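Let me begin by presenting the structure, written as structure tokens, before commenting on it.
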2 protein chains.
Amino acid sequence: MIQTTSVENYLKTIFHHAGIGNNAVTTNEIAASLGTKAASVTEMLKKLSAQKLIRYKKYNGVTLTDSGTKQALLIVRKHRLWEYFLVEKLEFSWDEIHEVAEQLEHIQSEILVERLDSFLENPKFDPHGDPIPDKKGIIKKTDLQKLIDVTEKKEAIVNLVTDQPELLRYLSKIGISIGSKLRVIERNTFDQSMLLLINGKNKVQISAEIAHNISVQL
Amino acid sequence: MIQTTSVENYLKTIFHHAGIGNNAVTTNEIAASLGTKAASVTEMLKKLSAQKLIRYKKYNGVTLTDSGTKQALLIVRKHRLWEYFLVEKLEFSWDEIHEVAEQLEHIQSEILVERLDSFLENPKFDPHGDPIPDKKGIIKKTDLQKLIDVTEKKEAIVNLVTDQPELLRYLSKIGISIGSKLRVIERNTFDQSMLLLINGKNKVQISAEIAHNISVQL
DNA sequence: ATATATTTTTAGGCAAACCTAAATTTTATT
DNA sequence: AATAAAATTTAGGTTTGCCTAAAAATATAT
Ligand SMILES: [Mn+2]
Ligand SMILES: [Mn+2]
Ligand SMILES: [Mn+2]
Ligand SMILES: [Mn+2]
């Protein structure tokens, strides 16, 4: 079944908020995430439920069904493939791509997705380090840990950052990108901020807020 | 001003039907072209007119204003750039691209269009031979003539074909593509059908209907 | 010139997706 | 357990873009 852009955005939002455990997602979370009001969300949840894309019991939040998950994964696949395309082929920077990918992810054409995937040589991660689901919706999972949890003196490689333009521009400014080698020189126990050595060159102090949005591999 | 997909499709349709002279386009023509009803068109014409995208006087058809033309040209530019991309980069065939381009043409991002144009190395014609307007909306005009008007014994190069999937598949089947060299061996004066020699190799008989949809350069 | 046919517009409705305000249910606090 | 607060749902509207049926205007044919 072909869905409207709106339905696709609801599915994607529920998918992202449910996390790996497919936990129940609340009406308010969805509303906040989509920039709509709770009343509008309730209305849409009834429609999604009628289509068996979600399990919905009044006042109890929602979970995606297998069908809903499958559709959400396809949208995520398209979003991330397009982001990869924009960076690798069209020379966009990583903070410019999300908004455009939000539009491109809704283009309906199976052949387009598969040809794009081939053209890009089947990338496994998007420019922010998020895994790209394969045609069947399977996501490669890597074991990452948040930079905020890395102990003093340890070294780590940046593998994933949160896709938020402001954060991304800031990271670019201080010289952090996917693949950067970080050494945690010092952790401030008061505010959780940390002093980093980036690629063995520059020392930079980052807030806990920033450290929460960077994931690394030791 | 950002327009809805629907408004963009109306502008594009009016643009295509108005032709080079910016002739008035009728309500029924638009309805037929968009697969909507005349009543819906009338309603939309009022909105376009209120936005000064068209000149509209009841019962008199419409013409695009400069602003309307400019917007239509941008959509046409995007449509044709995406078609070029699909064929040249993603290995689509010329009959598979129109529907996808109908969706892609509505992606709103100026930077995307310009980066795509650069990535494709500023193509001047799409896969059917239609000229791609440049950033300013300027279209390269070539002097072509319809194959139906080519006199017996003459040779001509195929430069443009109508973007209709069924026609395109048929042309592929009989070996006609952009750049093919055609010799008009014989014209049937009864039904206007013609016998062609394609690239000096194959002889093929085509109907007047087909000949109307091929344009050539002598 | 009048009658007929065609085109276009108007009037009244519908579905999708949003909204605000009010009612209801659930959760948290005393 | 009763009350207050927060979350969710319901009720009633709005806008966009479509529809059918009827009315009005224009074009065509006798
Ligand atoms: Mn993104
Ligand atoms: Mn989206
Ligand atoms: Mn096309
Ligand atoms: Mn379109």
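Quantities reported herein were computed from a predicted structural model and do not represent experimental measurements. To find a chain, count down the sequence lines: A is the first, B the second, and so on, and within it residues start at 1.
OP1 and OP2 of C:dT8 both lie 4.0 Å or more from every side-chain N or O belonging to B:Lys58. Within the structure, every side-chain polar atom (N or O) of A:Lys37 is placed at least 4.0 Å from both OP1 and OP2 of D:dT9. OP1 and OP2 of D:dT16 both lie 4.0 Å or more from every side-chain N or O belonging to B:Tyr10. OP1 or OP2 of C:dC18 lies within a sub-4.0 Å distance of a side-chain N or O belonging to A:Ser6. OP1 or OP2 of D:dT8 has not a single side-chain nitrogen or oxygen of A:Tyr56 nearer than 4.0 Å. At the phosphate of D:dA6, neither OP1 nor OP2 sits under 4.0 Å from any side-chain N or O atom of A:Asn28. For A:Ser40 and C:dA17, the shortest distance from a side-chain N or O to OP1 or OP2 is not below 4.0 Å.
One atom, CD of A:Glu8, and another, P of C:dA17, lie 11 Å apart when rounded to the nearest Å. One atom, CD of A:Gln3, and another, C1' of C:dA16, lie 13 Å apart when rounded to the nearest Å. Here the P atom of nucleotide C:dC19 and the CG atom of A:Leu34 are 10 Å apart, to the nearest Å. Atoms CD (A:Gln51) and C1' (C:dA17) sit 14 Å apart, rounded to a whole Å. In this structure, A:Lys47 places its NZ atom 15 Å from P of D:dT9, rounding to the nearest Å. Computed from coordinates, the A:Leu11 CG to C:dA17 C1' distance equals 15 Å when rounded to whole Å. Atom CD1 of B:Ile30 is separated from atom P of D:dC18 by 12 Å (rounded to the nearest Å).
When the nearest nucleotides of DNA chain C are assigned to A:Asn60 and B:Ala38 by heavy-atom distance, the more 5′-ward of the two goes with B:Ala38.
Using a 4.0 Å heavy-atom distance criterion, A:Thr27 is classed as a sugar-phosphate-only contact. A:Gly61 comes within contact range of no nucleotide atom at all, as no heavy-atom separation falls under 4.0 Å. Nucleic acid contact for B:Thr42: base, since at least one base atom lies under 4.0 Å from a heavy atom of the residue. Residue A:Lys46 is classed as a sugar-phosphate contact, given heavy-atom separations below 4.0 Å to backbone atoms only. Backbone-only contact: A:Thr36 has heavy atoms under 4.0 Å from sugar-phosphate atoms and none from a base.
Between C:dA17, D:dT9, D:dC18, one nucleotide has an atom nearer to the side chain of A:Met44 than all others, and that is C:dA17. Out of D:dT8, C:dA17, C:dT8, the shortest distance to the side chain of A:Thr26 is found at D:dT8. Distance from the side chain of B:Tyr59 is smallest for D:dA24 among the nucleotides C:dA17, D:dA24, D:dT20. Considering only side-chain atoms of B:Ala39, the nucleotide from D:dG17, D:dC18, C:dT10 that sits closest is C:dT10.
Annotation for A:Asp149: atom CG counts as buried by contact number, over 12 foreign heavy atoms lying within 6.0 Å.
In this model, a donor atom of one side chain and an acceptor atom of the other lie less than 3.5 Å apart for A:Gln205 and A:Ser193.
Just one of B:Glu114, B:Glu110, B:Glu83 meets the salt bridge (Lys or Arg N to Asp or Glu O under 4.0 Å) condition when paired with B:Arg77; it is B:Glu114.
Within the model, atoms OG1 of A:Thr4 and CD1 of A:Ile2 stand 11.5 Å from one another, a figure rounded to the nearest 0.5 Å. A:His128 NE2 to A:Ile97 CD1: the interatomic distance, rounded to the nearest 0.5 Å, is 4.0 Å.
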Go through A:His106 and A:Asn9 one step at a time and tell me if the side-chain contact (heavy atoms from CB on, under 4.5 Å) criterion holds.
CA-CA 9 Å; A:His106 301 293; A:Asn9 283 336; 3.0 Å; yes

